[in-house]
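By convention in this document, chain letters (A, B, ...) are assigned in the order of the sequence lines, proteins followed by strands, and residues within each chain are numbered from 1. Just so it is clear, the values below take in all heavy atoms, side chains as well, and ignore hydrogens, waters and symmetry mates.
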Amino acid sequence: MAFTLATWNINSVRLRKALVARLLAEEAPDVLCLQECKSPVEKIPLEVFAEAGYRYMVGRGQKGYNGVAILSKLPLEDAGDQDFAQLGHARHVAARLPNGVTVHNFYVPAGGDEPDREKNVKFGQKLDYLTEMRDWFHASKPEKAILVGDLNIAPREDDVWDHKKLLKIVSHTPVEVEHLAQVQDAGDWVDITRKDVPEGLLYSWWSYRAKDWAAADKGRRLDHIWATPDIANAAHSSRILKAVRGWEQPSDHAPVFASFDV
DNA sequence: ATGACGGAACTATTCCGA
(Lines give C-alpha, C1' and ligand atoms only; values in the text may rest on other atoms or scores of the structure.)
Protein backbone atom coordinates (compact mmCIF):
# COMPACT_ATOMS: atom_id res chain seq x y z
CA MET A 1 0.00 0.00 0.00
CA ALA A 2 1.34 3.40 -0.91
CA PHE A 3 0.47 6.32 1.30
CA THR A 4 1.49 9.91 1.96
CA LEU A 5 1.91 11.32 5.43
CA ALA A 6 2.32 14.89 6.64
CA THR A 7 3.13 16.58 9.95
CA TRP A 8 2.19 20.16 10.83
CA ASN A 9 2.33 22.24 13.99
CA ILE A 10 -0.97 24.05 13.46
CA ASN A 11 -0.88 26.45 16.45
CA SER A 12 -4.62 26.14 17.23
CA VAL A 13 -6.65 23.65 15.21
CA ARG A 14 -9.91 25.55 15.85
CA LEU A 15 -8.60 28.94 14.70
CA ARG A 16 -7.00 27.36 11.62
CA LYS A 17 -9.53 24.68 10.69
CA ALA A 18 -9.97 26.29 7.25
CA LEU A 19 -6.22 26.12 6.65
CA VAL A 20 -6.22 22.44 7.57
CA ALA A 21 -9.11 21.87 5.15
CA ARG A 22 -7.22 23.72 2.43
CA LEU A 23 -4.10 21.60 2.91
CA LEU A 24 -6.19 18.41 2.84
CA ALA A 25 -7.96 19.55 -0.35
CA GLU A 26 -4.82 20.69 -2.17
CA GLU A 27 -2.30 18.05 -1.10
CA ALA A 28 -4.48 15.11 -0.01
CA PRO A 29 -2.08 13.29 2.32
CA ASP A 30 -3.57 10.01 3.55
CA VAL A 31 -2.53 10.88 7.11
CA LEU A 32 -2.01 14.32 8.68
CA CYS A 33 -0.41 14.61 12.12
CA LEU A 34 -1.07 17.89 13.95
CA GLN A 35 0.63 19.42 16.99
CA GLU A 36 -0.28 22.37 19.20
CA CYS A 37 -3.99 21.84 18.61
CA LYS A 38 -4.59 23.90 21.79
CA SER A 39 -7.95 22.22 22.20
CA PRO A 40 -9.69 19.49 24.16
CA VAL A 41 -10.28 16.52 21.82
CA GLU A 42 -14.06 16.97 21.98
CA LYS A 43 -13.79 20.50 20.58
CA ILE A 44 -11.71 19.57 17.53
CA PRO A 45 -13.89 20.41 14.47
CA LEU A 46 -14.04 16.83 13.15
CA GLU A 47 -16.99 17.55 10.86
CA VAL A 48 -14.85 19.91 8.77
CA PHE A 49 -12.25 17.21 8.23
CA ALA A 50 -14.78 14.41 7.68
CA GLU A 51 -16.33 16.49 4.92
CA ALA A 52 -12.93 16.55 3.25
CA GLY A 53 -12.78 12.74 3.43
CA TYR A 54 -10.83 12.43 6.69
CA ARG A 55 -13.25 10.40 8.77
CA TYR A 56 -10.76 8.94 11.25
CA MET A 57 -8.95 10.69 14.10
CA VAL A 58 -7.04 9.77 17.20
CA GLY A 59 -5.97 12.59 19.46
CA ARG A 60 -5.04 13.74 22.91
CA GLY A 61 -5.94 17.23 24.03
CA GLN A 62 -6.06 19.73 26.84
CA LYS A 63 -7.44 23.22 27.23
CA GLY A 64 -5.32 25.99 25.76
CA TYR A 65 -1.96 24.26 25.40
CA ASN A 66 -0.24 21.42 23.55
CA GLY A 67 -2.48 18.76 22.03
CA VAL A 68 -1.77 16.25 19.23
CA ALA A 69 -4.07 14.65 16.67
CA ILE A 70 -3.81 12.25 13.73
CA LEU A 71 -6.36 12.78 10.93
CA SER A 72 -6.72 10.02 8.34
CA LYS A 73 -8.55 8.88 5.24
CA LEU A 74 -7.60 5.35 6.28
CA PRO A 75 -9.04 3.65 9.37
CA LEU A 76 -6.95 4.19 12.50
CA GLU A 77 -6.55 2.05 15.56
CA ASP A 78 -5.67 4.01 18.70
CA ALA A 79 -2.24 2.77 19.82
CA GLY A 80 -2.01 4.70 23.08
CA ASP A 81 0.00 7.61 24.42
CA GLN A 82 2.93 8.37 26.71
CA ASP A 83 3.42 11.15 29.26
CA PHE A 84 7.21 11.37 29.29
CA ALA A 85 8.73 13.39 32.15
CA GLN A 86 5.30 13.19 33.85
CA LEU A 87 4.31 16.67 32.75
CA GLY A 88 0.60 15.88 32.51
CA HIS A 89 0.60 17.34 28.97
CA ALA A 90 -0.96 16.03 25.74
CA ARG A 91 2.27 15.67 23.75
CA HIS A 92 2.10 12.18 22.23
CA VAL A 93 -0.40 9.88 20.59
CA ALA A 94 0.09 6.78 18.45
CA ALA A 95 -2.12 5.11 15.85
CA ARG A 96 -1.95 1.94 13.78
CA LEU A 97 -2.72 2.00 10.05
CA PRO A 98 -4.46 -0.87 8.23
CA ASN A 99 -1.11 -1.98 6.75
CA GLY A 100 0.30 -2.50 10.26
CA VAL A 101 2.45 0.64 10.35
CA THR A 102 2.44 2.48 13.70
CA VAL A 103 2.54 6.29 13.60
CA HIS A 104 3.90 8.18 16.62
CA ASN A 105 2.97 11.85 16.75
CA PHE A 106 5.07 13.97 19.17
CA TYR A 107 5.15 17.53 20.42
CA VAL A 108 8.42 17.76 22.37
CA PRO A 109 8.56 20.58 24.99
CA ALA A 110 10.00 23.84 23.67
CA GLY A 111 12.30 24.28 26.67
CA GLY A 112 12.02 27.97 27.53
CA ASP A 113 14.65 30.65 26.90
CA GLU A 114 17.68 29.80 28.99
CA PRO A 115 19.58 26.62 28.00
CA ASP A 116 20.51 25.78 31.59
CA ARG A 117 18.50 23.37 33.70
CA GLU A 118 19.75 24.96 36.93
CA LYS A 119 18.17 28.30 35.97
CA ASN A 120 15.28 27.12 33.81
CA VAL A 121 12.98 24.27 34.86
CA LYS A 122 11.54 23.97 31.34
CA PHE A 123 14.92 23.23 29.80
CA GLY A 124 15.40 20.41 32.29
CA GLN A 125 11.94 19.06 31.46
CA LYS A 126 12.80 19.08 27.76
CA LEU A 127 15.98 17.08 28.33
CA ASP A 128 14.15 14.69 30.67
CA TYR A 129 11.40 14.21 28.10
CA LEU A 130 13.99 13.25 25.48
CA THR A 131 15.79 10.93 27.90
CA GLU A 132 12.56 9.08 28.65
CA MET A 133 11.78 8.84 24.92
CA ARG A 134 15.20 7.26 24.46
CA ASP A 135 14.67 4.79 27.29
CA TRP A 136 11.22 3.83 25.98
CA PHE A 137 12.45 3.08 22.45
CA HIS A 138 15.47 1.31 23.88
CA ALA A 139 13.25 -0.94 26.03
CA SER A 140 11.18 -2.03 23.03
CA LYS A 141 12.68 -1.48 19.59
CA PRO A 142 10.03 -0.06 17.29
CA GLU A 143 9.25 -1.95 14.07
CA LYS A 144 7.27 -0.85 11.02
CA ALA A 145 6.96 2.53 12.66
CA ILE A 146 7.02 6.21 11.71
CA LEU A 147 7.79 8.99 14.19
CA VAL A 148 6.76 12.51 13.30
CA GLY A 149 6.19 15.80 14.96
CA ASP A 150 7.47 19.07 16.27
CA LEU A 151 10.59 17.82 18.04
CA ASN A 152 11.63 21.41 18.78
CA ILE A 153 15.26 20.67 17.90
CA ALA A 154 17.10 21.55 14.68
CA PRO A 155 19.93 19.00 14.81
CA ARG A 156 22.18 19.85 11.84
CA GLU A 157 24.19 22.93 10.94
CA ASP A 158 22.14 23.21 7.75
CA ASP A 159 18.89 22.94 9.71
CA VAL A 160 19.30 26.55 10.95
CA TRP A 161 19.95 29.89 9.29
CA ASP A 162 23.17 30.48 11.28
CA HIS A 163 24.75 27.59 13.15
CA LYS A 164 27.22 29.66 15.20
CA LYS A 165 24.67 32.28 16.24
CA LEU A 166 22.26 29.60 17.41
CA LEU A 167 24.64 27.41 19.43
CA LYS A 168 23.38 28.95 22.68
CA ILE A 169 19.77 29.31 21.52
CA VAL A 170 17.31 26.70 22.77
CA SER A 171 16.49 24.30 19.89
CA HIS A 172 20.05 24.11 18.55
CA THR A 173 22.31 23.73 21.62
CA PRO A 174 24.78 20.80 21.59
CA VAL A 175 23.18 19.19 24.65
CA GLU A 176 19.76 19.11 22.96
CA VAL A 177 21.22 17.80 19.70
CA GLU A 178 22.99 15.05 21.67
CA HIS A 179 19.78 14.09 23.49
CA LEU A 180 17.88 13.92 20.18
CA ALA A 181 20.64 11.77 18.65
CA GLN A 182 20.24 9.32 21.53
CA VAL A 183 16.48 9.10 20.88
CA GLN A 184 17.23 8.42 17.23
CA ASP A 185 19.86 5.77 18.05
CA ALA A 186 17.58 4.03 20.55
CA GLY A 187 14.95 3.33 17.91
CA ASP A 188 17.38 3.03 14.95
CA TRP A 189 15.26 5.82 13.47
CA VAL A 190 16.14 7.05 9.98
CA ASP A 191 15.66 10.78 9.33
CA ILE A 192 13.53 10.44 6.20
CA THR A 193 13.60 14.12 5.24
CA ARG A 194 17.41 14.10 5.23
CA LYS A 195 17.55 10.70 3.52
CA ASP A 196 15.70 12.28 0.61
CA VAL A 197 17.26 15.76 0.85
CA PRO A 198 20.78 15.11 2.18
CA GLU A 199 22.29 18.48 1.29
CA GLY A 200 21.35 22.10 1.74
CA LEU A 201 19.44 24.38 4.04
CA LEU A 202 16.06 23.06 5.19
CA TYR A 203 13.65 24.87 7.50
CA SER A 204 10.13 24.11 8.71
CA TRP A 205 9.62 27.05 11.12
CA TRP A 206 9.98 30.83 10.78
CA SER A 207 9.31 33.17 13.69
CA TYR A 208 6.24 35.39 13.74
CA ARG A 209 8.46 38.19 15.02
CA ALA A 210 10.32 38.91 11.83
CA LYS A 211 8.81 41.81 9.90
CA ASP A 212 9.16 39.87 6.65
CA TRP A 213 9.72 36.19 7.46
CA ALA A 214 10.35 35.21 3.82
CA ALA A 215 12.86 37.98 3.14
CA ALA A 216 14.73 37.37 6.40
CA ASP A 217 14.48 33.58 5.92
CA LYS A 218 15.83 32.94 9.41
CA GLY A 219 14.32 29.51 9.80
CA ARG A 220 14.95 26.28 11.66
CA ARG A 221 14.04 22.64 10.87
CA LEU A 222 12.10 21.70 14.00
CA ASP A 223 9.57 19.33 12.42
CA HIS A 224 10.67 15.84 11.48
CA ILE A 225 9.65 12.57 9.86
CA TRP A 226 11.57 9.47 10.98
CA ALA A 227 11.02 5.81 10.15
CA THR A 228 12.37 2.46 11.32
CA PRO A 229 14.94 0.74 9.05
CA ASP A 230 12.46 -1.96 7.92
CA ILE A 231 10.39 0.65 6.07
CA ALA A 232 12.85 3.53 5.62
CA ASN A 233 13.81 2.36 2.13
CA ALA A 234 10.15 2.52 1.14
CA ALA A 235 10.09 6.26 1.82
CA HIS A 236 10.41 8.87 -0.91
CA SER A 237 9.24 12.29 -2.09
CA SER A 238 10.06 14.21 1.08
CA ARG A 239 9.17 17.89 0.96
CA ILE A 240 8.47 20.91 3.15
CA LEU A 241 5.65 23.13 1.92
CA LYS A 242 7.19 26.52 2.62
CA ALA A 243 4.40 28.34 0.75
CA VAL A 244 1.93 27.32 3.48
CA ARG A 245 3.83 29.60 5.91
CA GLY A 246 2.68 32.46 3.66
CA TRP A 247 -1.04 31.63 3.75
CA GLU A 248 -3.49 34.04 5.39
CA GLN A 249 -3.17 34.05 9.20
CA PRO A 250 -0.69 31.17 9.09
CA SER A 251 0.89 28.88 11.61
CA ASP A 252 4.56 29.69 12.18
CA HIS A 253 5.35 26.13 11.03
CA ALA A 254 5.16 24.69 7.51
CA PRO A 255 3.92 21.12 6.94
CA VAL A 256 6.47 18.38 6.21
CA PHE A 257 5.53 15.53 3.83
CA ALA A 258 6.83 12.07 2.92
CA SER A 259 5.39 9.15 0.95
CA PHE A 260 5.85 5.44 1.66
CA ASP A 261 5.39 2.36 -0.55
CA VAL A 262 4.76 -0.17 2.20
C1' DA B 1 19.65 41.35 19.66
C1' DT B 2 16.81 36.88 15.06
C1' DG B 3 12.86 39.84 16.56
C1' DA B 4 9.10 41.89 19.05
C1' DC B 5 4.27 38.78 16.97
C1' DG B 6 0.37 35.69 17.96
C1' DG B 7 -2.91 32.31 20.52
C1' DA B 8 -5.71 31.05 24.64
C1' DA B 9 -7.75 32.07 28.79
C1' DC B 10 -12.70 33.14 34.27
C1' DT B 11 -11.69 39.97 28.47
C1' DA B 12 -7.18 42.22 30.05
C1' DT B 13 -3.28 41.03 30.92
C1' DT B 14 -0.53 37.17 31.59
C1' DC B 15 1.48 32.85 30.18
C1' DC B 16 3.51 30.57 26.48
C1' DG B 17 5.85 29.70 22.09
C1' DA B 18 11.49 28.67 20.50
Taking donor-acceptor contacts at under 3.5 Å, does the side chain of A/R209 reach the base of B/dG17?
yes
For A/L167 and B/dA18, give me the distance from atom CG to atom C1', rounded to whole Å.
16 Å
Quick check on A/K168: does its NZ atom have over 12 non-hydrogen neighbours (other residues, nucleotides or ligands) under 6.0 Å away?
no
Does B/dA18 have OP1 or OP2 under 4.0 Å away from a side-chain N or O of A/H253?
yes
Taking the P atom of each, how far is B/dA4 from B/dA8, in whole Å?
23 Å
From C-beta outward on A/K122, which listed nucleotide comes closest to its side chain: B/dA18, B/dG17, B/dA8?
B/dG17
Are any of A/S12's side-chain N or O atoms less than 4.0 Å away from OP1 or OP2 of B/dA8?
yes
Taken to the nearest whole Å, CG/A/N66 to P/B/dC16 is 11 Å
Using heavy atoms to find the nearest nucleotide of DNA chain B for A/Q249 and A/S171 separately, return the residue whose nucleotide is more 5′.
A/Q249
Using nucleotides 9-12 of chain B, report all nitrogen or oxygen pairs with the protein that are shorter than 3.5 Å.
residue	atom	partner	partner atom	Å
B/dA9	OP1	A/G64	N	3.3
B/dC10	OP2	A/K63	NZ	3.3

Min side-chain heavy-atom separation A/K242-A/D217 under 4.5 Å
yes
Is a salt bridge present between A/D83 and A/R60, judged by a nitrogen-to-oxygen distance below 4.0 Å?
no
Within residues 213-225 of chain A, residues whose heavy atoms come under 4.0 Å of DNA chain B
A/K218, A/R220, A/L222
Under 4.0 Å, counting only non-hydrogen atoms across every strand here, what does A/D162 touch: a base, just sugar-phosphate, or nothing?
nothing
Please measure how far the P atom in B/dA1 lies from the corresponding atom in B/dG17, and state the result in whole Å.
25 Å
Taking B/dA18 as the reference, what is the distance to B/dT13 when you measure between their P atoms (whole Å, please)?
26 Å
Where do A/N99 and A/F3 land on the side-chain contact (heavy atoms from CB on, under 4.5 Å) test, with the steps shown first?
CA-CA 10 Å; A/N99 60 8; A/F3 67 99; 3.5 Å; yes
Any N or O donor-acceptor pair under 3.5 Å from the base of B/dA18 to the side chain of A/D252?
no
B/dA18 C1' sits how many Å from A/K165 NZ, rounded?
18 Å
Is there a donor in the side chain of A/T7 and an acceptor in the side chain of A/Q35, or the other way round, less than 3.5 Å apart?
yes
Side chain proximity check, A/K38 to A/V13, heavy atoms < 4.5 angstrom
no
On a whole-Å scale, what distance lies between the P atoms belonging to B/dA12 and B/dG6?
23 Å
N/O (side chain, A/Y107) to phosphate O (OP1/OP2, B/dA18) under 4.0 Å:
yes
Spacing between A/Q35 atom CD and B/dG7 atom P, to the nearest angstrom
18 Å
Using the P atom as the point on both nucleotides, what is the distance between B/dC10 and B/dC16, in whole Å?
14 Å
B/dC5 OP1/OP2 closer than 4.0 Å to side-chain N/O of A/N11:
no
Within a reach of under 6.0 Å around CZ of A/R55, are more than 12 heavy atoms found that belong to other residues, nucleotides or ligands?
no
Rounded interatomic separation in angstrom, taking CG from A/D113 and C1' from B/dA4
13 Å
Could you state the CG-P distance from A/L15 to B/dG6, rounded to the nearest angstrom?
12 Å
May I have the step-by-step check of side-chain contact (heavy atoms from CB on, under 4.5 Å) for A/Y107 and A/E36, ending in yes or no?
CA-CA 7 Å; A/Y107 176 48; A/E36 279 207 272; 3.1 Å; yes
The ring pair (Phe, Tyr, Trp, His ring centres under 6.0 Å) partners of A/W161 (sequence neighbours excluded) come to none
Atom pair distance, as rounded to whole Å: NZ in A/K168 and C1' in B/dA1
14 Å
Rounded to whole Å, NE2 of A/H172 lies from C1' of B/dG17 at a distance of 19 Å
Winner on side-chain proximity to A/W161, out of B/dG6, B/dT2, B/dA18, is B/dT2
Are A/H104 and A/F137, when compared by the centres of their aromatic rings, separated by less than 6.0 Å?
yes
Once you apply a heavy-atom cut-off of 4.0 Å, does A/N9 come out as touching a base, just sugar-phosphate, or nothing?
sugar-phosphate
Looking only at heavy atoms, the pair that brings A/I44 and A/A69 closest together is CD1-CB, 4.3 Å
